Amino acid sequence: TPENFDVDGGLDQDIFDINEDFGLDLFEGDIRLDGAQNR
Amino acid sequence: NSIIGEKYRWPHTIPYVLEDSLEMNAKGIILNAFERYRLKTCIDFKPWAGEANYLSVFKGSGCWSSVGNRRVRKQDLSIGAGCDRIATVQHELLHALGFWHEQSRSDRDDYIRIIWDRIQPDKEHNFNTYDDQVSDSLNVPYDYTSVMHYSKTAFQNGTEPTIVTKISNFMDVIGQRMDFSEYDLLKLNQLYNCSSSLSFMDSCDFELENVCGMIQSSSDSADWQRVSWAPGGPGSDHSNMGRCTGSGFFMHFDSSSVSVGAIAILESRTLYPKRGFQCLQLFLYNSGSENDQLNIYIREYSAGSVNGTLTLVEEIKDIPTGSWQLYHVTLEVTSKFRVVFAGVRGPGASRGGLSMDDINLSETRCPHHVWHIRNFTQFIGSPNGILYSPPFYSSKGYAFQIHLTLSHLTNAGIYLHLISGANDDQLQWPCPWQQATMTLLDQNPDIRQRMSNQRSVTTDPLMTTDNGTYFWDRPSKVGAVAFFPNGTQFNRSMGYGTSAFITYQRLKSRDFIKGNDVYILLTMEDISHLNSTQMQPIPTSGNSDLCSDVKCENDGICVVRDGNAECRCPSWDDWWYSGQRCEKRGSTRDTIIIAVSSTAAVFALMLIVTLVSVYCTRNKYRAKGSSHGADLTLENRHAF
């Protein structure tokens, strides 16, 4: 039987892991702040 | 916990644009996430039609959102690679609706401990808290089960947890990505003053004596009884499975005490549809004759029929005996109606009857198929835990099979396989844009309280394997030979799915396993239509003048974007129109021809340049060789 294709690459990644892999450094991991909030 | 300030609220119907950049699978999942909001909250979504503010959902880098309505006209929400999970979309939408993470609420230190020295350097800001002047927990207890809670591994610099729950049993509960928790819904519905939802209609577990307003008919020959057990079975209801002594009721039609042909009718209360399509879901137990059946009718009211017109929708026959079974019935009712449940005594001996429990009616689409797995727990973590579903057909005619892996240490995996089927000669190959949605059903009696675990995958006709073949090509061409349990041979293509569908720990939680039975709900639908650009609104004021001078050819539509008129061109699976006025026709074939001819042209050009260079260099050194022959000899002698 051919092998299966795993869309998660064998990892159970959460939102913050995915964003970290992209090199993102968002607020609390996945929040985009606007200018006023940044200040 | 929500951001304080009315200015951050959206209207109850949120305008959205699904941008072209989104992956096809993500587009389908986003629409499914909207459906979960429509079922469980009063929040609805509609394609943007020129409203002042809208959500622009696009494929950016990662999964992210802003918190609340920022009133910036176009508010971005990214569903990037790896973010195409329904619960992730629900999470990002909850941010957009005004919610922070659960672990950032002001009182979180009462419930969890943040282990600061296990957090990666400079990532501490991810564990900020907000005081109650900025953030409101809406008088709802701290929620370890929230879809807005991060898991224990968030931003860790090693292997030890960064979030430790003060009640240790919740360590592996935090971070669920299945569905809204009960408290998520309580907070969202409170924040947006929700008192009803668009698609929920009724739920009945028969625990209350009023049986949810259902009525016994006077025009039948027998009655349904509300009982907590029946002499011939079942021994308990489905809602509680006997876990609560003295409670746990269901409705029973005793077919053993009536003659063949006797009918017991139970009618639901009056219901008022909004969407025109419904799914009725119920659990049945047969302890009577194998020929006993349940007929589902609709009594629909109109001006011309005050007593309603009765229409038979489905005859549920061959109900297996001895266990609760899940059934779905698709309805398409547009005016006031009741659902009529008619138990019919069939021929043959009966020592019991028909029982029904946990009825849910919603204006949603029924799953296309149900895979019922019995005696489930024996497979968890076992080498035998590699299960294949029976074969199913999609509405387009593609044959497929689901593969559940329960043999690994911690996680269950789930995969979609295309298999050879009866329609293969008539179908398009490689299989284009069929989205399979696989749902592990949380068998909570109330559809609104369910936290079912769902993943979707989509067939991309251009996807290739390492050896260059199309992944979703015809199974008889690219699949391997396999056999059904009855010995019939078929071909099965490679599976496509995830090894991290759900952890065993979560699988054993809630009501995923009930009576040692598990249900996987399956839908495979054609999402090709999502390949085309979402129609942008045609502005009604000012901007419309910009389009008056632009004529789009080939049924293209003029839209105003960033103050400029531009044409949105129609496209299909393998061809499209492009150009400023949609005047150019393109196709996949053209693209291939262009790619091949460009490659050939570049190769020819490079060959000419190389030959000319070699020729010139040779001539140059020949000339040099003849004039400096003595020097060369001297250098060679020196070298040796």
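These figures come from a predicted structure and were not determined experimentally. Throughout, protein chains are lettered first and strands after them, A, B, ... in sequence-line order, and every chain is numbered starting at 1.
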To the closest 0.5 Å, what do you measure between [atom1] ([X]) and [atom2] ([Y])?
X: A:F16; Y: B:K123; atom1: CZ; atom2: NZ; result: 11.5 Å
X: A:F27; Y: B:S66; atom1: CZ; atom2: OG; result: 12.5 Å
X: B:W100; Y: A:I31; atom1: CH2; atom2: CD1; result: 5.5 Å
X: A:D30; Y: B:M148; atom1: CG; atom2: CE; result: 7.0 Å
X: A:D17; Y: B:Y150; atom1: CG; atom2: OH; result: 9.5 Å

Over 12 foreign heavy atoms within 6.0 Å of CG, B:D131: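 More than 12 heavy atoms, drawn from other residues, nucleotides or ligands, come within 6.0 Å of this atom.
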Atom CG of B:D466 with >12 non-hydrogen neighbours under 6.0 angstrom: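 No, the 6.0 Å shell around CG holds no more than 12 heavy atoms from other groups.
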Pick from A:G29, A:G10, A:G23, A:G9 with the largest number of heavy-atom pairs that fall under 4.5 Å of chain B: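 If we count pairs closer than 4.5 Å to chain B, A:G29 comes out on top.
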Interface residue of largest heavy-atom contact number with chain B, from A:I15, A:D25, A:D12, under 4.5 Å: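 Looking at each of A:I15, A:D25, A:D12 in turn, A:I15 comes out on top.
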Pair A:D14 + B:R85: basic N to acidic O under 4.0 Å: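 Salt bridge absent between A:D14 and B:R85.
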Name the region of [X], side chain, backbone, both or neither, that has any atom closer than 4.5 Å to a heavy atom of chain A.
X: B:F155; value: both
X: B:A154; value: both
X: B:S78; value: neither
X: B:A87; value: neither
X: B:H125; value: both

For B:C431, disulfide bond (SG atoms under 2.5 Å apart) partners two or more places apart: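 Result, disulfide bond (SG atoms under 2.5 Å apart) vs B:C431: none returned.
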Region of A:Q13 that comes under 4.5 Å of a non-hydrogen atom in chain B: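 Just its backbone gets close to chain B.
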Which portion of A:L24 sits near chain B, non-hydrogen atoms under 4.5 angstrom: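 Both parts, heavy atoms under 4.5 Å.
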B:Q120-A:E20 side chain donor-acceptor pair, cut-off 3.5 Å: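 Yes, A:E20 and B:Q120 have a side-chain donor paired with an acceptor closer than 3.5 Å.
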Side-chain donor/acceptor of A:D6 to backbone N/O of B:S499, under 3.5 Å: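 Here the side-chain-to-backbone pair exists.
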Among B:G82, B:A500, B:S61, residue most engaged with chain A (heavy-atom pairs, under 4.5 Å):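 Ranked by heavy-atom pairs under 4.5 Å with chain A, first place is B:S61.
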For chain A, the option from B:Q103, B:H408, B:H91 that forms the most heavy-atom pairs under 4.5 Å: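 Going by pairs under 4.5 Å, I would pick B:H91.
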Partner set under ring pair (Phe, Tyr, Trp, His ring centres under 6.0 Å) for B:Y504, not counting sequence neighbours: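 Per chain and number, B:Y504 pairs via ring pair (Phe, Tyr, Trp, His ring centres under 6.0 Å) with no residue.
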Side chain to side chain contact (heavy atoms under 4.5 Å, CB included) evaluation trace for B:S104 with A:E28: CA-CA 9 Å; B:S104 72; A:E28 288 192 18; 3.4 Å; yes
B:Y496 to A:F5 - nearest heavy-atom pair and separation: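 It is CE1-CD2, 3.2 Å.
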Closest non-hydrogen atom pair, B:H403 against A:N4: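 Minimum heavy-atom contact is CE1-ND2, 3.4 Å.
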